[in-house]
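As structure tokens, the structure follows; a few thoughts come after it.
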Amino acid sequence: MLPEMRYIESELLPMLRERAPRFRVNAEKQLRQWKGEKGVCSLLLQLTDVPQLQYLPVYNLEEIHYDPEKMFVSELRGVLGAALADGDAVPSVRANVGCGCLCTLYGGLWQTFFPDKMPWLLKHLTEAQIREYTAQSIEESPEFKMGLEQMRYMKEMLAGTGIEVYPMDLQGPIDMAHLLMGDDFFYNVYDDPELVHKALELSLAACIYGMEKCLEIIAPTDYVCHYNVLALPADHPLKVSEDTSTLLGAEHLEEYMKPYTERLLAHFGGGYIHYCGDNRHLLRLAPTFEKSLALNFGNPERHDPASVLAELAKVRQCYYGSFPQMDDLELVRLSRQEDGRYNLFLRTACSSADQERFIDAFRETIR
């Protein structure tokens with residue numbers, strides 16, 4: 001047992017169990033906002049100063065993959081800022097196994113681990129493998145099994161704390177096809193569309209298989225958590241990453257991204273879409289998906305908050321996150337619709353000393 005586990009079990013977990021009821025209240029508030037209740041805006045607050053972190057060592061991104069306790073400590077460090085804040089966050093942790101983990105369900109693929117950066121696939125499927133494989137070729141890899149075991153371990157350790165376990169990293173079908181094919185993906189969208197569509201079918205099957213296994217462990221009732229603070233309705237449980245999609249033009253987004261992402265969302269009921277970068281075509285396309293609830297940007301500084309919120313409001317969708325170029329409270333005011341709804345789940349951070357003052361200002365803003 002790691003030395004810090006004694007502190008976690010004797011002091012930290014009991015303190016978190018005392019705070020557990022408020023997380024249920026926070027989840028219910030977020031669910032009301034997802035349903036479009038007027039006057040509800042969720043403040044997904046995290047503290048920037050957490051004294052308890054001094055008792056939790058920092059483990060590098062390679063070693064956490066081989067030790068469930070180190071993975072747990074690493075995730076607990078990341079969630080305490082939200083768990084000890086007094087906003088509307090619903091704290092959660094995950095098996096942080098890397099965006100290529102679900103790809104390892106095919107063909108003996110594996111990720112390479114690094115101390116200072118997230119895992120990555122350095123090996124890809126051959127053209128012959130892509131043509132040969134089907135959904136029936138899926139086989140649980142040691143990496144994937146390890147991720148499931150880490151999820152089970154964290155769920156057991158956090159029982160009664162109100163801190164939930166959320167799914168492994170789910171890339172969209174485009175992102176996963178890119179991982180399976182490597183950068184040949186970008187040539188094949190022109191040279192071999194049939195091969196790309198086959199890779200996308202394999203990606204979709206792996207996404208569905210992997211997420212279903214995660215949800216079996218999570219066993220949600222009315223919500224599924226994401227990224228330390230967010231609670232999604234259980235019938236819209238997905239976060240779908242479309243980072244590679246930002247590198248495609250309008251024609252290829254329509255042909256390759258749209259049908260497969262829509263099928264993934266429809267299979268599980270829906271969710272929200274995340275992407276890094278900036279692609280005007282993707283920004284117009286993503287909110288048109290029937291089962292999409294929201295957008296989240298990895299590079300919000302590259303987007304105009306007013307226009308994003310206005311476009312999402314037209315289709316009754318939300319933005320999750322913040323925009324560094326705009327004051328948080330001004331962003332809240334901007335997200336208020338004429339009918340009294342707010343289409344913003346504001347994720348932000350402040351110090352313990354500023355917390356009460358910030359929460360009071362936030363509440364005054366939405367009165």
Side-chain angles (χ1 to χ4, degrees), residues 99-100 102-103 106 124-125 127 130-131 133-135 169-211 236-300 302-304 307-321 343:
C99 63
L102 297 190
C103 295
Y106 286 117
H124 309 288
L125 295 183
E127 178 181 330
I130 293 172
R131 296 191 190 281
Y133 288 166
T134 67
D169 198 356
L170 181 67
Q171 301 299 295
I174 285 284
D175 284 49
M176 185 176 287
H178 181 195
L179 287 165
L180 291 176
M181 302 178 79
D183 288 345
D184 286 349
F185 170 86
F186 296 105
Y187 296 98
N188 286 321
V189 295
Y190 294 97
D191 298 338
D192 198 339
E194 180 184 355
L195 186 67
V196 174
H197 281 291
K198 182 63 190 302
L200 286 165
E201 290 289 350
L202 295 177
S203 300
L204 181 62
C207 286
I208 290 172
Y209 183 94
M211 183 56 57
H236 288 71
L238 300 187
K239 183 276 295 183
V240 181
S241 290
E242 297 289 351
D243 297 328
T244 296
S245 298
T246 63
L247 304 177
L248 301 180
E251 176 185 353
H252 291 145
L253 287 171
E254 288 284 350
E255 179 178 356
Y256 297 115
M257 179 263 191
K258 185 176 188 289
Y260 294 94
T261 295
E262 285 190 319
R263 286 168 60 187
L264 178 61
L265 289 168
H267 182 89
F268 290 99
Y272 75 97
I273 293 174
H274 157 89
Y275 60 86
C276 298
D278 180 11
N279 184 313
R280 298 291 108 177
H281 304 299
L282 181 58
L283 181 58
R284 287 193 292 270
L285 181 62
T288 68
F289 296 169
E290 180 183 356
K291 299 296 183 179
S292 180
L293 286 176
L295 281 181
N296 166 258
F297 298 140
N299 296 104
R302 300 181 64 172
H303 298 267
D304 174 58
S307 61
V308 168
L309 288 167
E311 289 304 309
L312 290 174
K314 292 178 183 178
V315 288
R316 297 183 72 86
Q317 292 188 25
C318 298
Y319 181 77
Y320 154 54
N343 71 330

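Remark: Met181 CE to Leu195 CG distance equals 4.0 Å, nearest 0.5 Å. Annotation: the span from Ile273 atom CD1 to Leu293 atom CG amounts to 10.0 Å, rounded to 0.5 Å.
The backbone N or O of Leu295 sits nowhere less than 3.5 Å from a side-chain atom of Gln317 that would complete a donor-acceptor pair. At distances below 3.5 Å, not a single donor-acceptor pair connects side-chain atoms of Tyr272 with backbone N or O atoms of Tyr320. Within the 3.5 Å criterion, the main-chain N or O of Arg131 finds a donor-acceptor partner in the side chain of Lys198. Using modelled atom types, one side-chain atom of Asn279 and one backbone atom of Leu248 make a donor-acceptor pair closer than 3.5 Å. Counting only distance, with no hydrogens or angles, the side chain of Ser307 and the backbone of Asp304 share a donor-acceptor pair below 3.5 Å. Side-chain atoms of Asn188 come within 3.5 Å of backbone atoms of Asp184 as a donor-acceptor pair (strictly under, hydrogens ignored).
Leu285 approaches Thr288 most closely through the heavy-atom pair O-OG1, 2.5 Å.
In this structure, Tyr260 and His197 have tilted ring planes: the angle between them lies in the 30° to 60° band. Between His252 and Tyr190, the two ring planes are perpendicular [angle over 60°; tilted spans 30° to 60°].
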task: Apply ring-ring contact (aromatic ring centres under 6.0 Å, His included) to Phe186 and His178, showing your working.
output: CA-CA 8 Å; Phe186 296 105; His178 181 195; 4.8 Å; yes
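For Tyr187, the ring pair (Phe, Tyr, Trp, His ring centres under 6.0 Å) criterion is met by no residue, not counting sequence neighbours.
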